[in-house]
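Read the structure below first, then the notes.
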Amino acid sequence: MSTRGRAPGVDFDEVLLGGLAPDGGLYLPAAWPRIGAGDWVALAKLSYAELAARVTLPFLDGSVPPDDYARLAADAYRDFDAPEVAPLVALDATKGEHLLELFHGPTFSFKDYALQPVGRLFDRALRRRGRRATVLVATSGDTGSAAIAACVGRAAIDIVVLYPEGRISEVQRRQMTGVDAPNVHVRAVAGTFDDCQALVKSMFADRSLRAEAGLAAMNSINWARIQAQIVYYIRAYLALGAPKSIAFAVPTGNFGNVYAAYAARKMGLPISQLVVGSNANDILTRFFETGAMATRDVVPTLAPSMDIQVSSNFERYLFDLLDGDSAATARTMERFRAEGRFDLDKDRLSRARALFAGYRLLDENVLHAIRRIHDETGRLVDPHTAIGIAAARAKRADASVPMVCVATAHPAKFPNGMKAAFAPEEPPLDTPPALAHALARPESRAPVLANDPAQAKEFVRSIAKVAA
Ligand SMILES: *Cc1c(COP(=O)(O)O)cnc(C)c1O
């Protein structure tokens, strides 16, 4: 079902391939599967892939047989470079502070944990329908490489990634432009990330192109990504021995990752607090402080994957805050789109604040935090993760409840931030061999695309034609 209530109920494959609901809303499950108090013991015995298959199977409405799905999950997480897939390590054991490492996938950010199974689900759904798709992605950082790694070599998929010329890091660029595969098409656009996103939107709005090229989206509003992210919150809880309650701190941009924690809570995970970390683009922190969701201009920071002023997944949580009233959700989102602002009443704000807290950390303090966390705990964390840890320490509501900080990327993805944090010394960076290898590949850099919908469409058409 859709948060805006004007789209018919659809099956899982349509949710997967469609992304956004036809009424402009976001898909949610019509009913939430529950994990009972008696289930934790059995779940604790499962491997990560087994847990993923078990926890998310009820969302598939029977569209994938359980045995096939178990195999798909095993395959999705097979090449992760840690046997636990999502290891939970101590940050400060005496204070009950932990770090959930979500950077052991092929491109070293948490986005692999969702996109690896989602790429496989896409391919399966398309092949069963005898269809092909052109997956269109605009990226400002980690999504592009994770989506490419999820789609590379898949027969039913072509993937087109647009990034803003000169506005992503060298590591992020090389992770994409070093992939040499016939179904991967990476192009720089002469413009900003917003321009790239506008090009993607204009292509989706073009019905004939949409049909001709079989356009599909894998961005973070896709429900299939959220469901896969629920798994590691449950896994962290099990790794702690299923305590009475648990808290998480999540560095947040689009509100997708922290919404998955909230979804785990709806399924029965006893989460008592969710701390949202922001950089200077602090729309969510201001919201949890004041109840006003109000956009400002995006400013570039050391944590570029959170340089966002519209958290598109927030609509899913808003739907709950508005007591499941889809008409009110639609009205509120419409106002936000038109005016760049909406306000929540006092009662609802206090309900939100009973679970959520927001905290912002500006660049200079991010550098201090990286250094201090390393000095105190021996752990090297990336700028996004440092923001989450600082937020956890500032906003933790109950010191007796274990606090799990989510590490969203490997520090080696952000060498410039790490260098700045340790200057004039060198950062103790340990680049994983697979990342070092990815960065050493020759780049294939195609001509820059003009920021012009007609040319972008022509480009996508030419790819679809070759593939057909
Ligand atoms: C994408 C990303 C985030 C933001 O996650 P959301 O789900 O958009 O809130 C945070 N950190 C890193 C490293 C990311 O790549």
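Whatever order the structure lists them in is the order used to number ligands and atoms, beginning at 1.
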With heavy-atom distances below 4.0 Å as the criterion, list the atoms of ligand 1 near Ala409.
13 (C)
Would Thr56 and Tyr69 satisfy side chain to side chain donor-acceptor pair (under 3.5 Å), going step by step from the backbone distance to the final call?
CA-CA 10 Å; Thr56 59; Tyr69 193 48; 2.6 Å; yes
Asp375 and Arg372 ion-paired at < 4.0 Å:
no
Here the atoms of ligand 1 under 4.0 Å from any heavy atom belonging to Thr252 are 9 (O)
To check your reading of the model: name the closest protein heavy atom to atom 4 (C) of ligand 1, its residue, and the distance in Å.
Gly253 N, 3.6 Å
Are Phe255 and Phe356 close enough, and set up right, to give a ring-ring contact (aromatic ring centres under 6.0 Å, His included), and what steps lead you there?
CA-CA 12 Å; Phe255 207 75; Phe356 285 93; 5.8 Å; yes
Are the charged groups of Asp320 and Arg351 less than 4.0 angstrom apart, N to O?
no
Are the aromatic ring centres of His374 and Phe422 under 6.0 angstrom apart?
yes
So if I count the atoms of ligand 1 from 1 in the order they appear, which ones are less than 4.0 Å from some heavy atom of Asn257?
7 (O)
Output field: ring centroids Tyr317/Tyr259 closer than 6.0 Å
no
What part of Phe110, side chain, backbone, both or neither, has a heavy atom within less than 4.0 angstrom of ligand 1?
side chain
Considering non-hydrogen atoms of the protein only, which is the closest contact for atom 6 (P) of ligand 1, and what is the distance?
Asn254 N, 3.5 Å
Parallel under 30°, tilted from 30 to 60°, perpendicular over 60°: which one fits the rings of Phe414 and His384?
tilted
Looking only at protein heavy atoms, which one is nearest to atom 11 (N) of ligand 1, and how far off is it?
Thr408 OG1, 3.0 Å
Counting from 1, what ligand 1 atoms have a heavy atom of Gly256 closer than 4.0 Å?
6 (P), 7 (O), 9 (O)
Residue among Glu425, Glu376, Glu364 satisfying salt bridge (charged side-chain N to carboxylate O under 4.0 Å, His left out) with Arg371
Glu425
Should one rank His384, Met306, Lys111 by closest heavy-atom distance to atom 2 (C) of ligand 1, which comes out on top?
Lys111
With a cut-off of 4.0 Å, which atoms of ligand 1 are near a heavy atom of Pro251?
10 (C)
Contact region, Asp142 to ligand 1, non-hydrogen atoms below 4.0 Å, reads side chain
